[in-house]
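Right, one structure below, let's go through it.
Counting convention: from 1, in listed order, for ligands and their atoms alike.
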Amino acid sequence: MEAPLGQKQRPHEFPSITLSHLSSPAPSSASASASFAEDNSGCPRLRIHQLSSPDPVFDLDLQNIQIFKLGPLELLCASEETGGDDSEEKSFSRAFKIGFGTKVECKAFYSACEQWKLGLVGARTGEPLANGRLTVPKSKFDNKIDTTSAKMYFHYYGQLLHQQNMLQDYVRTGTYYAAVIENRVDFHGRVVVDVGAGSGILSLFAAQAGAKHVYAVEASEMAEYARRLVAGNPSLGQRITVIKGKIEEVELPEKADILISEPMGTLLVNERMLETYVIARDRFLIPDGKMFPSLGRIHMAPFSDEYLYVEIANKALFWQQHNYYGVDLTPLYGSAFQGYFSQPVVDAFDPRLLVSPPIIHTLDFTSMKEEDLYEIDIPLNFVSSVGTRVHGLACWFDVLFNGSSVQRWLTTAPGAPTTHWYQLRCVLAQPIYVMAGQEITGRFHLVSHSAQSYTIYLTMSAKMWGAGADQGGILQTSSCKLDLKEPYYRLSQPQPYVLQQDQQSNQQLMQSQEISPSIQDGTGPSLAVIPSHISESLNQ
Ligand SMILES: C[S@@+](CC[C@H](N)C(=O)[O-])C[C@H]1O[C@@H](n2cnc3c(N)ncnc32)[C@H](O)[C@@H]1O
């Protein structure tokens with residue numbers, strides 16, 4: 001079943017209604033579609049098309065019609081007609097009945113009609129409409145996000161190939177599936193909102209788990225594909241309504257018992273969709289309703305990777321040429337060098353590159369405020385387990401599905417089965433030197449920007465160390481500024497494998513700082529191991 005409700009910028013459309021003429025000499029019924037839209041002068045109109053004809057059977061000024069509820073599936077629409085005389089009395093001489101397949105559609109039509117009449121929807125030009133009504137104020141999303149960025153973002157997600165990329169991340173999609181199906185008790189008989197539904201896959205999972213009704217809200221053109229996927233799975237689809245629009249703008253006919261969403265970007269927060277998830281909670285979730293996932297954690301640890309450092313530094317060497325077709329390029333070398341080090345590196349790295357156990361920053365989606373995500377400030381404190389050159393900070397994240405039956409984690413940790421998020425590393429242009437046991441302090445400061453991402457300010461310092469050292473003094477500091485929106489995807493590297501003999505020491509390192517989730521169901525971080533016949537041949 002598909003009924004796009006609550007969309008503010010585009011017409012509301014109700015593709016399958018039944019139209020019964022009452023005022024014509026011979027009452028009749030026919031399949032039809034209805035839509036609300038503005039005419040050129042900004043007046044809201046209701047247009048009804050019979051499926052057999054391209055011309056509308058009714059094209060009515062909404063201010064001149066009255067809608068009455070006849071029953072849960074039926075409305076009566078009476079249209080005022082000017083009789084040609086000057087009488088003050090209105091005559092509603094044309095009337096027709098509109099029938100709906102479901103109560104939800106019927107309710108949605110009635111509320112859409114009210115909203116359009118009141119001028120709560122319509123084109124948002126920022127100008128008063130021609131008939132004097134003021135347009136709707138900009139939504140929370142439009143206020144903070146740059147229009148061009150949003151356009152490109154939703155264009156990207158409107159393409160099936162990008163949805164396929166996510167669907168083919170079996171670690172991701174499989175974990176969502178398992179988390180939903182193992183926790184049927186949280187979905188059965190419940191109203192669910194799928195926040196940013198994409199292809200609609202999570203809505204279909206929720207319906208499989210017995211959801212009473214799922215509202216799949218998707219802002220991009222993918223909503224049309226989601227409708228087709230839902231319609232093509234009718235036993236589940238009859239309990240799913242796809243709504244095209246932004247979470248920040250759509251209206252839903254009822255509150256949700258549970259939200260499901262996949263709002264995670266690189267480093268958890270990229271794309272700024274977690275804010276949308278929190279807004280959905282505040283707008284649509286009943287008090288004490290559930291969220292799948294309910295919590296996210298960013299893990300951070302210093303790393304040493306000489307190869308990566310040299311690779312990045314070498315990229316700028318091009319600008320050291322004094323005679324490039326007779327031109328000296330060196331004036332731009334410094335800027336090029338800075339530019340390469342302002343790109344966070346996305347790849348799957350070997351966890352043996354970590355020089356200390358990670359620290360964790362937790363985001364509780366059930367209680368945090370949207371504004372808490374505008375700026376994230378994390379103090380860093382580590383103790384190096386080896387003497388080495390530290391090249392920067394490595395980060396990854398996990399999220400928790402806190403189901404009533406099973407608690408399941410989706411992790412993107414190094415050494416765990418690789419996901420399409422990989423891991424993220426911020427590389428310092430100036431590495432720092434540490435000894436085993438030396439303290440590394442610093443700050444990881446994320447500041448959101450209107451292009452749906454963050455500027456990262458990273459500072460790492462080696463503390464004074466050893467006998468006679470100034471207590472709390474800093475020996476060496478290095479800082480860098482990176483744009484999370486412009487990562488360097490370094491994915492041609494072979495996938496990381498960990499030799500069996502190293503697995504134990506890695507697990508000890510990670511577990512000593514709670515890298516393995518405290519609520520564990522055996523699906524948390526597991527380290528990939530080279531099959532023994534391969535590792536044996538490598539060891540020869
Ligand atoms: C990471 S994808 C997940 C898609 C799908 N839920 C899945 O798991 O395969 C996020 C989806 O949310 C949509 N989205 C992002 N922000 C949104 C918003 N403010 N309102 C509605 N949809 C949004 C995007 O267009 C995209 O399709």
Identify the heavy atoms of E224 and K244 that sit nearest to each other, and give their distance.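 It is OE2-CD, 3.8 Å.
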Parallel, tilted or perpendicular, judged at 30° and 60°: which one describes the rings of [X] and [Y]?
| X | Y | answer |
| --- | --- | --- |
| F100 | F14 | perpendicular |
| W396 | H299 | parallel |
| F36 | F109 | tilted |
| H391 | F303 | tilted |

For ligand 1, find each of its N or O atoms that sits under 3.5 Å from a protein N or O atom, and tabulate the pairs with distances to one decimal place.
unit_1, atom_1, unit_2, atom_2, d
ligand 1, 6 (N), G196, O, 3.0
ligand 1, 6 (N), A197, O, 3.4
ligand 1, 8 (O), R172, NH1, 2.9
ligand 1, 8 (O), R172, NH2, 3.4
ligand 1, 9 (O), R172, NH1, 3.4
ligand 1, 9 (O), R172, NH2, 2.9
ligand 1, 12 (O), G196, O, 3.4
ligand 1, 19 (N), E248, OE1, 2.9
ligand 1, 19 (N), T276, OG1, 3.4
ligand 1, 20 (N), I247, N, 3.0
ligand 1, 22 (N), A219, N, 3.3
ligand 1, 25 (O), E218, OE2, 2.6
ligand 1, 27 (O), Q163, NE2, 3.2
ligand 1, 27 (O), E218, OE1, 2.8
ligand 1, 27 (O), E218, OE2, 3.1

Would you verify whether the NZ or CZ of R272 falls within 45 degrees of the ring axis of Y374 while also being under 6.0 Å from that six-membered ring's centre?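 Pair R272/Y374 counts as cation-pi.
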